[in-house]
Amino acid sequence: MDEIDKLCVRSFAEGKMRMTRAHEISGVSRDKLSYRLSKVHKETGYNPFEFSGLMKLMELVGEE
């Protein structure tokens with residue numbers, strides 16, 4: 001995961017798994033957020049669109 005991927009994961013979690021809120025927090029477009037989160041899912045096997053997967057990803061990016 002690169003830094004933009006980590007930003008997307010953090011903002012998606014902070015935005016309570018809402019794309020619009022994550023977009024407002026990060027400044028990354030909703031389309032790019034969706035793309036990046038899907039890319040993270042493919043790379044890590046953890047699905048950020050499911051609560052348990054998002055929590056695992058938050059551990060990977062150093063947030064709990």
Side-chain angles (χ1 to χ4, degrees):
M1 266 191 291
D2 64 18
E3 292 304 312
I4 295 175
D5 293 339
K6 291 177 183 179
L7 171 67
C8 292
V9 169
R10 285 187 193 108
S11 58
F12 191 60
E14 188 178 333
K16 299 181 180 162
M17 300 177 76
R18 293 183 174 171
M19 280 296 205
T20 300
R21 186 70 185 119
H23 155 69
E24 293 168 353
I25 293 167
S26 67
V28 176
S29 74
R30 291 188 304 176
D31 289 339
K32 185 170 252 180
L33 274 167
S34 180
Y35 168 77
R36 289 289 187 151
L37 292 172
S38 294
K39 180 180 150 232
V40 166
H41 182 200
K42 287 177 187 172
E43 289 177 358
T44 65
Y46 297 121
N47 187 349
F49 300 105
E50 294 176 356
F51 183 77
S52 61
L54 184 58
M55 292 301 99
K56 287 289 187 183
L57 288 167
M58 290 300 287
E59 289 176 15
L60 288 177
V61 299
E63 306 269 335
E64 293 183 20

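Quantities reported herein were computed from a predicted structural model and do not represent experimental measurements. Values below: every heavy atom of this structure, side chains too, minus hydrogens, waters and symmetry copies.
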- Query: Do you reckon Met17 sits in the same ILVMFWY cluster as Leu57, going by side-chain contacts under 4.5 Å, direct or chained?
  - Reply: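 Same hydrophobic cluster.
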
- Message: Test of understanding: clusters of I, L, V, M, F, W, Y form through side-chain heavy atoms closer than 4.5 Å, transitively. Do Met55 and Val61 belong to the same one?
- Response: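 In one cluster: yes.
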
Any chance you could measure [X], atom [atom1], to [Y], atom [atom2], to the nearest 0.5 Å?
X     : Y     : atom1 : atom2 : answer
Glu43 : Ser38 : CD    : OG    : 11.0 Å
Asp5  : Tyr35 : CG    : OH    : 8.5 Å
Arg18 : Glu24 : CZ    : CD    : 10.5 Å
Met1  : Leu7  : CE    : CG    : 12.0 Å

- Can you tell which of Val40, Val9, Leu54, Leu60 makes a side chain to side chain contact (heavy atoms under 4.5 Å, CB included) with Tyr46?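 Only one option passes, and that is Leu60.
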
- What's the verdict on side chain to side chain contact (heavy atoms under 4.5 Å, CB included) for Leu33 and Ser11, showing C-alpha distance, side-chain angles and the deciding distance? CA-CA 9 Å; Leu33 274 167; Ser11 58; 4.1 Å; yes

- Message: Between Arg21 and Ile25, is there a side-chain heavy-atom distance shorter than 4.5 Å?
- Response: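 A side-chain contact under 4.5 Å exists here.
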
Looking only at heavy atoms, which two atoms of [X] and [Y] are closest? And how far apart?
X     : Y     : answer
Cys8  : Val28 : SG-CG1, 4.3 Å
Arg30 : Met19 : CG-O, 4.0 Å
Met58 : Ala13 : SD-CB, 3.6 Å

- Task: Please answer whether the main-chain N or O of Asp31 pairs with a side-chain N or O of Ser34 as donor and acceptor at a distance below 3.5 Å.
- Result: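 Not confirmed, Ser34 side chain does not pair with Asp31 backbone.
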
- Task: Using a strict cut-off of less than 4.0 Å between a Lys/Arg side-chain nitrogen and an Asp/Glu carboxylate oxygen, indicate whether Arg10 and Glu14 qualify as a salt bridge.
- Result: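 Here Arg10 does not pair with Glu14 in a salt bridge, since their nearest N and O are not under 4.0 Å apart.
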
- Answer yes when Asp2 and Arg36 have at least one side-chain N-carboxylate O distance shorter than 4.0 Å, and no when they do not.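 Looking at Asp2 and Arg36, the cut-off is met.
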
- Query: Got a sec: does the NZ of Lys6 have more than 12 other heavy atoms crowding it under 6.0 Å?
  - Reply: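 Yes, because the 6.0 Å sphere around NZ of Lys6 holds more than 12 heavy atoms from other groups.
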
